[in-house]
Amino acid sequence: MTPADLNARFDEHIARLPGSTTVRAARESAFAQFIEHGFPSRKTELWRYTNIAPIVDGGFEFLPQNHAVDADARQHWLGEAGIDDEGLAVVIVDGTVADMERADAGFDVLTLSESIDRYGMQTSAAEFPSQPFAALNVAFARDGAHIRIGYGAAPGTPLHVILANSAALRCAVQPQLIVDVAQGASAKIVIHLLSDSTNASWVNLLTRVTLARDSSLELCRLQRYGSATLHTELLTAVIGKDATLKSTSLDIGGQLVRNDLQIRMQEPDSSCDLAGLVTPAIGQHIDNHVTIDHCASHSASAQHYRAIVGDRGRAVFNGKVVVHKNTVGIEAMQSSDNLLLAESGEIDTKPELEIYADDVKCSHGATIGEIDEAELFYLRARGIDEATARGLLTLGFAEKILERLPATGARSAIAAKFGLALPSDQA
Amino acid sequence: METDRTPMLEIVDLHVRAGDREILNGLNLTIGAGEVHAIMGPNGSGKSTLAQVLAGRDGYDITRGQVTFLGQDILDLAPEERAQAGIFLAFQYPIEIPGVNNAYLLKAALNAQRKARGEPELDAFEFMRLIKDNMAQMQIHKDFLSRSVNTGFSGGEKKRNEILQMLTLQPRLALLDETDSGLDVDALKIVANGINSLRNPERSMILVTHYERLLELVEPDFVHVLAGGRIVKSGDRTLARELDERGYDWVQQEVQSA
């Protein structure tokens, strides 16, 4: 897929994409921004550890025809996500949104094309000049969801969003999620990224979160793709005064996964608490790149990232914190802890701090280790066999992140993936 | 009957090295069923090594000697096999295990041991009923069960947790490695009561300790002095009092002049 190929596809599809002339101009400018630099190369520092050849060489079908997602398909994917109740859920299959309830319990949901019709393109590629895939998303985005939580609303149950990919298609899916949390509102959204085991699509997701004053959002992102799906993502959030974002992501599946997070502490006393667990093995490559911009005083950020790396798995973490000029009382902490289960695994972890202010409390720490021998002996001395002890310690390492997520079988999925032995009644 | 005369534990001429250092140097010790033995000695004499080697810790070379437990040679057994056979080590420094909660560990351990003995595993309800009394006895709050193993526990809580595990697992041979260290008077009493409640004619104990104060509360049948990697003096519990008053130098002088 050369830029020229992409150009041809863009010209071919632009007329079918939703939006007015203004939206079309936004798409064209986003596409031009992408074309200017092309696909990122490993020569640039931001992509040094991640080879995107499987995407460039993937030969994906762009924008397959709109197909209706029937009720059975919707039900199937709700089941796959482990959601049994009939609550509000957004289900997007191969880039198309299934019919759904639009408003419930404090959430107000539009499909992306409805949102584009009503408000125009909410995302602008100019906001993320160093994110070529996000620019591509703005150019091609057709479907997705625009989720609004109104003034002071506090829905009692989370909203589930399922992005599912079926085996039938090998396509480039460019979904967009826009989340606006109004002043004083508080909500939780659970994003499920799923695909069939043979699916080899490329999902290029753009999620844009805006948190108004005194609001809070908890975002849980559970990625359990089959082993051949490719994924690139930008989560961008702008956090207002006294507002809080709590985000936890789990990556179990996928062949190549690159998650960028750009979090902007825009107003004083804003805070974010980000966590992630990745579990690459058997040739999987999972990369989390976080950038936090502290633009306002007394803002606080925390990053807790963990990786469990098995045979030929590769985990990449880059956590960058920028403390801007003329700010005071910034607190930023970061930890990257990594458990290597096989010698053939690889872990690259790097903290980056750019500090242009004086009154700052920043900390970072990275560890890479194997199962601790003293812990292993302690469990074995209680009568637990070695394999089960290793299983318990491996899941124990994951627990610090998993405890932030809803119980959806993540523990058993991780246990199955690494072939962990567990006590008979707890497997 | 033959089985009546089989000792619980028999250690014969045990030599243990760690790297270039010889730590145990011809240690002999026989422990009968129902007996409580205290092992005292100066720092670095090999007391903790003995406890760790009996429990099966890696990293030691056993260059000579034999250890039989209930008639079975245990030196080739994995730590879990020894635990399943009935050996329990209360750690001097209990290990913190973030992410694994106490109830989970206790239940997994108990069921692993029951399974090895061919007994049915306990379900959650049976398990809770079993440990409720043990927790009350150790004055351990219910919240404790959902906390990660030893993580953020005080020194006293860690030691009480070791004894809770021992009460739950009901070993045949308990090795208590400096279980009294780091305890205040009240915690020491709780721990001692826990240990005493397990004393019976079918169960033996080795108390590794520096101090005599535990031995006032858990009265040993025998007291041994370990120095230079072997047992140099044995006696009854009056020996512990003498060591407390006079230190260890006189024992070592006595050995050298003999």
Side-chain angles (χ1 to χ4, degrees), chain A residues 248 250 275-277 279 304-308 335 337-339 341 365 367 369-405 407 410-412 414-415 418 420-427, chain B residues 51-52 54-59 77-91 93-101 103-117 120-124 126-127 146 148-151 158 161-162 165-166 168-171 175 177:
Chain A
T248 307
L250 169 65
L277 172 67
T279 59
H304 314 271
Y305 280 81
R306 294 200 160 195
I308 300 173
S335 64
D337 296 297
N338 302 280
L339 178 61
L341 297 181
T367 61
E370 298 169 19
I371 293 283
D372 185 88
E373 287 299 319
E375 293 177 15
L376 196 58
F377 176 62
Y378 188 76
L379 295 183
R380 296 176 74 188
R382 296 295 174 257
I384 298 171
D385 68 84
E386 184 178 354
T388 305
R390 285 185 184 277
L392 285 172
L393 292 173
T394 303
L395 275 191
F397 177 83
E399 191 57 33
K400 189 174 179 191
I401 311 300
L402 295 181
E403 69 187 9
R404 297 165 56 115
L405 294 169
R411 288 167 188 81
S412 49
I414 292 170
F418 291 111
L420 303 179
L422 289 176
S424 48
D425 58 332
Q426 290 156 350
Chain B
Q52 301 257 322
L54 292 177
R57 179 85 205 236
D58 268 356
L77 295 184
E80 57 269 32
E81 292 172 315
R82 301 183 199 200
Q84 289 160 5
I87 295 176
F88 178 88
L89 169 63
F91 282 57
Y93 302 109
I95 306 296
E96 299 191 1
I97 307 185
V100 176
N101 80 39
Y104 201 111
L105 164 64
L106 262 179
K107 186 155 166 269
L110 181 62
N111 278 335
Q113 297 202 12
R114 289 179 67 91
K115 202 173 154 188
R117 291 194 296 262
E121 298 185 27
L122 298 185
D123 64 26
E126 292 164 327
F127 170 74
S146 56
S148 287
V149 175
N150 294 323
T151 308
K158 285 181 181 172
N161 195 26
E162 294 293 288
Q165 293 177 10
M166 181 172 82
T168 306
L169 297 173
Q170 299 271 317
L175 314 167
D177 190 3

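Scope of the values below: all heavy atoms of this structure, side chains included, with no hydrogens, waters or symmetry mates. Proteins get letters first, then strands, A, B, ... in listed order; numbering begins at 1 in each.
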Ranking Q52(B), E96(B), R82(B), Q165(B) by heavy-atom pairs under 4.5 Å to chain A gives rank one to Q165(B)

Pair count under 4.5 Å, heavy atoms only, with chain A: among L89(B), N101(B), I95(B), highest is I95(B)

L379(A)/I97(B) under side chain to side chain contact (heavy atoms under 4.5 Å, CB included): CA gap, chis, key distance, verdict
CA-CA 9 Å; L379(A) 295 183; I97(B) 307 185; 3.7 Å; yes

To the nearest 0.5 Å, atom CG of D58(B) lies from atom CG of L376(A) at 9.0 Å

On a heavy-atom basis, the closest approach of A108(B) and P423(A) is CB-CG, 3.6 Å

Worksheet item: Between F91(B) and F377(A), how do the two ring planes meet: parallel, tilted or perpendicular, split at 30° and 60°?
Response: tilted

Review point. Is the number of heavy atoms from other residues, nucleotides or ligands under 6.0 Å of Y93(B) OH greater than 12?
Key: no

A quick test of your reading: do over 12 heavy atoms of other residues, nucleotides or ligands sit less than 6.0 Å from CD of E370(A)? no

Inset, instruction - Give the C-alpha distance, both sets of side-chain angles, the deciding distance and a yes or no for side chain to side chain contact (heavy atoms under 4.5 Å, CB included) between L105(B) and I384(A). - result: CA-CA 9 Å; L105(B) 164 64; I384(A) 298 171; 3.7 Å; yes

If one checks every heavy atom of P94(B) against chain A at 4.5 Å, the contacting part turns out to be both

Q) Sub-3.5 Å donor-acceptor pair from the side chain of E80(B) to the main-chain atoms of E386(A), do we have one? A) yes

Point to revise | Under 3.5 Å donor-acceptor, Q84(B) side chain and G383(A) backbone | key: yes

Greatest number of non-hydrogen atom pairs under 4.5 angstrom with chain B, of E375(A), E399(A), E373(A), R382(A), falls to R382(A)

